[in-house]
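Atoms within each ligand, like the ligands themselves, are counted from 1 in listed order. Fair warning: this is a prediction, and the values are worked out from it, not measured in the lab.
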Amino acid sequence: MKYSLSLATAALSLAAKASAEVFIVDNDTPTALQVLLPLAAGKQVLGITTNLGDYDTDAATYEAAMALATGNLTSCVPVYKGAEQPLVLDYNTYHLWQDLYGDIVWQGAWGKTYESPVPANATYEYNQTVGAPQWIMDTIKNSDDNVTIVAAGTMTNLALALAQWPSMAEKVKLVIMGGYVDGQIAQVTGGDFVNDLYSDFNLMIDPEAAQAALSAPWRELVIVGNISSEVFPTQNLYNELIAVSGGLAAIKNTPSLSYVEETVGNGTLPSFNLPFWDEVASAIAADPEIVTGSYEAYVSVDTSFSSPFYGSLRMYPKDLRASKGVRTSKATMITSIDVEKFNEMIVDALVRDWSNYCSTGDAPSVAIM
Ligand SMILES: *[C@@H]1O[C@H](CO)[C@@H](O)[C@H](O)[C@H]1NC(C)=O
Ligand SMILES: *[C@@H]1O[C@H](CO)[C@@H](O)[C@H](O)[C@H]1NC(C)=O
Ligand SMILES: *[C@@H]1O[C@H](CO)[C@@H](O)[C@H](O)[C@H]1NC(C)=O
Ligand SMILES: *[C@@H]1O[C@H](CO)[C@@H](O)[C@H](O)[C@H]1NC(C)=O
Ligand SMILES: *[C@@H]1O[C@H](CO)[C@@H](O)[C@H](O)[C@H]1NC(C)=O
Ligand SMILES: *[C@@H]1O[C@H](CO)[C@@H](O)[C@H](O)[C@H]1NC(C)=O
């Protein structure tokens with residue numbers, strides 16, 4: 001009796017400890033894993049905020065709503081629509097810059113052939129009471145917990161919030177996807193896809209917001225950088241997901257396995273895959289222990305339109321950071337993660353029954369051992 005009682009106490013205090021860190025997911029391409037990884041690590045996700053980038057902001061909002069609906073998570077993870085355009089750039093100047101300095105491989109929502117992925121008749125739920133920047137400020141102001149923002153899109157919502165409340169940054173740990181450095185050799189020798197992998201699209205589509213956000217005085221700033229372009233889905237990961245889910249037929253016939261089904265499809269890894277960009281950022285935020293290599297650097301973002309590096313992250317030796325011409329902030333730059341542990345986190349997060357999480361706070365694993 002004493003034994004199980006102390007176990008229960010231990011479990012309780014673990015939950016209390018875990019809930020002291022709460023998450024906001026700010027993204028142009030919200031996917032289920034960005035929410036499920038922190039939830040599976042015992043963190044609370046207060047909401048998803050959306051912005052322009054790969055998609056227009058309405059489409060990002062739709063993607064967020066769909067990702068949550070699959071797991072019946074709509075009622076406890078609200079979605080707030082954010083900035084629809086960058087601070088300074090517009091469609092014309094975005095393309096004018098490329099006329100001057102060269103095409104960005106991936107053009108996102110401002111690509112000349114972009115089409116919204118939202119079906120004409122789509123209905124989806126998001127909270128329309130306030131916009132994302134206001135909600136982010138209110139949430140941080142009212143939270144007694146430590147807030148972590150995982151920002152994997154443009155930094156526009158954060159820049160807008162910081163303009164109104166600059167010291168917001170001091171209360172927040174910010175983890176971003178992107179912030180590539182040392183990619184020039186790879187970009188010129190690797191072809192279009194490798195060039196794309198090391199293009200900081202999220203920063204380039206709103207360089208001014210990126211500089212406002214990344215040079216702010218965050219409680220902690222983590223730049224996931226290069227490593228997220230190097231971790232891809234693998235057939236081994238698919239095989240593991242399929243095995244612990246009880247096979248492809250079980251996946252197809254079990255509603256609680258719909259996140260697995262969306263991930264593995266027919267079970268064969270597609271021949272073309274994108275890296276786990278945003279998911280790596282989310283996993284590092286959810287469990288910093290998967291980081292196996294990092295260093296610290298002072299960073300800023302180039303905001304000179306008349307520069308071929310407009311929107312690129314720059315790093316400074318410590319003794320140059322006091323320069324008056326540019327505000328910098330100290331960041332932890334990630335160079336390696338435990339990929340095996342990362343894949344285990346994905347399997348753990350996907351192979352769960354999330355359908356009662358909103359009512360019970362629990363999502364039991366449905367993995368077959
Ligand atoms: C939306 O339209 C498509 C075909 O155009 C149809 O298959 C689908 O059922 C419709 N969805 C809703 C929610 O009406
Ligand atoms: C929408 O968000 C506002 C601001 O956070 C909150 O007060 C309200 O309860 C939310 N509405 C719903 C239906 O959840
Ligand atoms: C927030 O994080 C700091 C360290 O960064 C820690 O000292 C503090 O106890 C944390 N607060 C809560 C409520 O967990
Ligand atoms: C970033 O990635 C490029 C291309 O793979 C590599 O050459 C470079 O060493 C990496 N830099 C860091 C700091 O990880
Ligand atoms: C399975 O899906 C992959 C990726 O979507 C596709 O390339 C492949 O042709 C499919 N295979 C079968 C047997 O349907
Ligand atoms: C979905 O979640 C709600 C609570 O938000 C719960 O009442 C309902 O039973 C759940 N639906 C399913 C199919 O589990």
Any heavy atom of Ser75 under 4.0 Å from ligand 6? The part involved is side chain

The atoms of ligand 2 lying under 4.0 Å from a heavy atom of Tyr80, numbered in the order shown, are 1 (C), 2 (O), 3 (C), 4 (C), 5 (O)

Ranked by distance from atom 7 (O) of ligand 6, the top protein heavy atom is Ser359 OG, 4.7 Å

- Item | Sub-4.0 Å protein heavy atom near atom 2 (O) of ligand 2 | yes

Taking only non-hydrogen atoms of Trp135 and a 4.0 Å limit, the atoms of ligand 2 in range are 5 (O)

Between ligand 4 and Tyr198, can you find any atom pair, the residue atom being a heavy atom, that is separated by under 4.0 Å?
yes

message = Is the distance from the ring center of Phe276 to that of Phe342 below 6.0 Å?
response = yes

Please verify whether a non-hydrogen atom of Met333 lies at under 4.0 Å from ligand 4. no

protein heavy-atom neighbour closest to atom 9 (O) of ligand 6 works out as Asn356 OD1, 4.0 Å

Here the atoms of ligand 2 under 4.0 Å from any heavy atom belonging to Asn127 are 1 (C), 2 (O), 3 (C), 8 (C), 10 (C), 11 (N), 12 (C), 14 (O)

Val181 heavy atoms within 4.0 Å reach ligand 4 at atoms 1 (C), 11 (N)

When distances are taken from atom 10 (C) of ligand 6, the protein heavy atom at minimum range is Asn72 ND2, 2.5 Å

Protein non-hydrogen atom below 4.0 angstrom of atom 12 (C) of ligand 2 present: yes

query: For the residue pair Trp97 and Tyr310, does the interplanar ring angle fall in the parallel (under 30°), tilted (30 to 60°) or perpendicular (over 60°) class?
result: tilted

Fill in: Sub-3.5 Å N/O-N/O distance, Asn226 and ligand 4
yes

For Ser355, the atoms of ligand 6 under 4.0 Å from one of its heavy atoms are 1 (C), 2 (O), 10 (C), 14 (O)

